[in-house]
Amino acid sequence: MSIRREGWDGIVEFPLSERKQKPRENGFTMIIDKGLGLSELADTLETSGQYIDFVKLGFGTSALYTGDVLQKKIKLVRSMGIDIYPGGTFLEVAVLQGKLDVYLEKAKSLGYSCIEVSDGTINMSRSVRKSAIEKALDMDFKVLSEVGKKDARDELSNTDILEQINLDIEWGAHKVIVEGRESGKGVVIYDEQGKIREKELEGILNSISDVNKILWEAPQKNQQQELIIRLGTNVNLGNIHPGDVMSLEALRVGLRGDTLRNYIISNKLHAISS
């Protein structure tokens with residue numbers, strides 16, 4: 001799908017021209033909605049909906065809306081051809097209470113198009129995790145699984161993370177999310193300052209046959225920039241603040257100094273002045 005950009009079509013080309021447009025299988029952008037009002041959400045979708053692939057209603061916020069606000073949000077997002085799903089923590093609560101089946105049924109009736117299967121806080125056996133993914137797939141949900149613990153005290157070994165990523169892909173997950181939390185600090189590939197841990201990132205990249213199956217939570221601009229430079233403009237990124245979608249897209253296509261500079265260096269270009 002080509003996007004009409006009023007006033008600039010045919011004037012300036014994107015430096016990173018390989019950016020995929022919708023419909024696409026990679027280069028996804030997932031935003032986290034922590035309680036946007038309907039007008040805020042509508043404004044976000046009007047200005048940047050063409051760059052958004054998934055909307056996650058973070059944590060268990062799905063249960064906190066009153067009246068028909070939740071269904072209006074879901075309907076609005078889906079009317080734009082964007083997938084929407086409740087946060088994985090909400091599913092974890094359902095699993096804890098032995099209510100996974102009714103949780104999935106309710107999500108379907110509300111109009112969600114995706115389900116996130118995670119165990120960032122609870123301990124979930126692989127058999128339960130596999131069953132959750134399979135049940136969601138059987139109900140025609142698009143499944144996003146997530147690996148990694150939210151609390152550093154529960155941190156998984158690199159071996160466990162890699163094994164789970166590969167199993168989730170085998171079980172049918174559309175994408176596997178690498179936990180980054182909303183802070184992007186002290187979890188999986190990020191240290192306490194939000195910088196990328198080289199060993200952890202390389203471990204995943206070297207052990208996954210198709211890196212395009214991974215969606216990296218990257219709420220911080222420096223993380224987005226680094227992953228785009230390393231993995232390309234069509235890297236899958238998530239936990240993006242709604243107000244940052246346009247700035248992220250500018251990074252992706254080389255319209256910000258950070259990725260433009262890398263493009264110039266990579267292509268050995270020089271500025272021309274007169």
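A quick note: this is a predicted structure, and the numbers were derived from the prediction, not measured. Computation of the quantities below employed the complete heavy-atom set of this structure, encompassing side-chain atoms and omitting hydrogens, waters and symmetry-equivalent molecules.
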Exercise for the section: Report yes if some heavy atom in the side chain of Leu57 is under 4.5 Å from a heavy atom in the side chain of Leu70; otherwise report no. Expected result: yes

Exercise for the section: Using salt bridge (Lys or Arg N to Asp or Glu O under 4.0 Å) as the criterion, list what pairs up with Lys72, not counting sequence neighbours. Expected result: Asp68

Practice task
State which residues pass ring-ring contact (aromatic ring centres under 6.0 Å, His included) with Phe54; sequence neighbours excluded, sorted by chain then number.
Solution key: Phe28

Handout entry: Under 3.5 Å donor-acceptor, Glu92 side chain and Gly120 backbone
Key = yes

Practice task
For the pair Glu217 and Lys56, find out whether any cationic side-chain nitrogen is under 4.0 Å from an anionic carboxylate oxygen.
Solution key: yes

Practice task
Decide yes or no for Leu167 and Glu170: does some side-chain heavy atom of the first lie under 4.5 Å from some side-chain heavy atom of the second?
Solution key: yes

Problem - Set of residues satisfying ring-ring contact (aromatic ring centres under 6.0 Å, His included) with respect to Tyr103, sequence neighbours excluded - result: Phe90

Exercise for the section: Quick one: which residue pairs count as a ring pair (Phe, Tyr, Trp, His ring centres under 6.0 Å) with a foot in residues 192-246, not counting sequence neighbours? Expected result: none

Practice task
Return the set of residues passing side chain to side chain donor-acceptor pair (under 3.5 Å) with Arg261 (not counting sequence neighbours), or none when no residue passes.
Solution key: none

Practice task
Answer yes or no: is there a donor N or O on one side and an acceptor on the other, between the side chain of Glu179 and the main chain of Arg181, under 3.5 Å?
Solution key: yes

Practice task
Considering only NZ, NE, NH1 and NH2 on the basic side and carboxylate oxygens on the acidic side, decide whether Lys108 and Asp140 come within less than 4.0 Å.
Solution key: no

Handout entry: N-O pairing of Lys195 and Glu226 below 4.0 Å
Key = no

Problem - Residue of the set Val143, Asp53, Ile214, Asn26 for which side-chain contact (heavy atoms from CB on, under 4.5 Å) holds with Lys175 - result: Asn26

Practice task
Apply the test salt bridge (charged side-chain N to carboxylate O under 4.0 Å, His left out) to residues Asp168 and Lys213: give CA-CA distance (whole Å), side-chain angles for both, the deciding distance (0.1 Å), then the verdict.
Solution key: CA-CA 10 Å; Asp168 287 354; Lys213 296 294 290 186; over 6 Å; no

Handout entry: Close side-chain approach of Arg19 and Phe14, heavy atoms under 4.5 Å
Key = no

Exercise for the section: Using salt bridge (Lys or Arg N to Asp or Glu O under 4.0 Å) as the criterion, list what pairs up with Lys135, not counting sequence neighbours. Expected result: Asp101

Exercise for the section: State whether Arg230 and Glu202 are salt-bridged, where the test is any N-O pair (Lys NZ or Arg NE/NH1/NH2 against Asp/Glu carboxylate O) under 4.0 Å. Expected result: yes

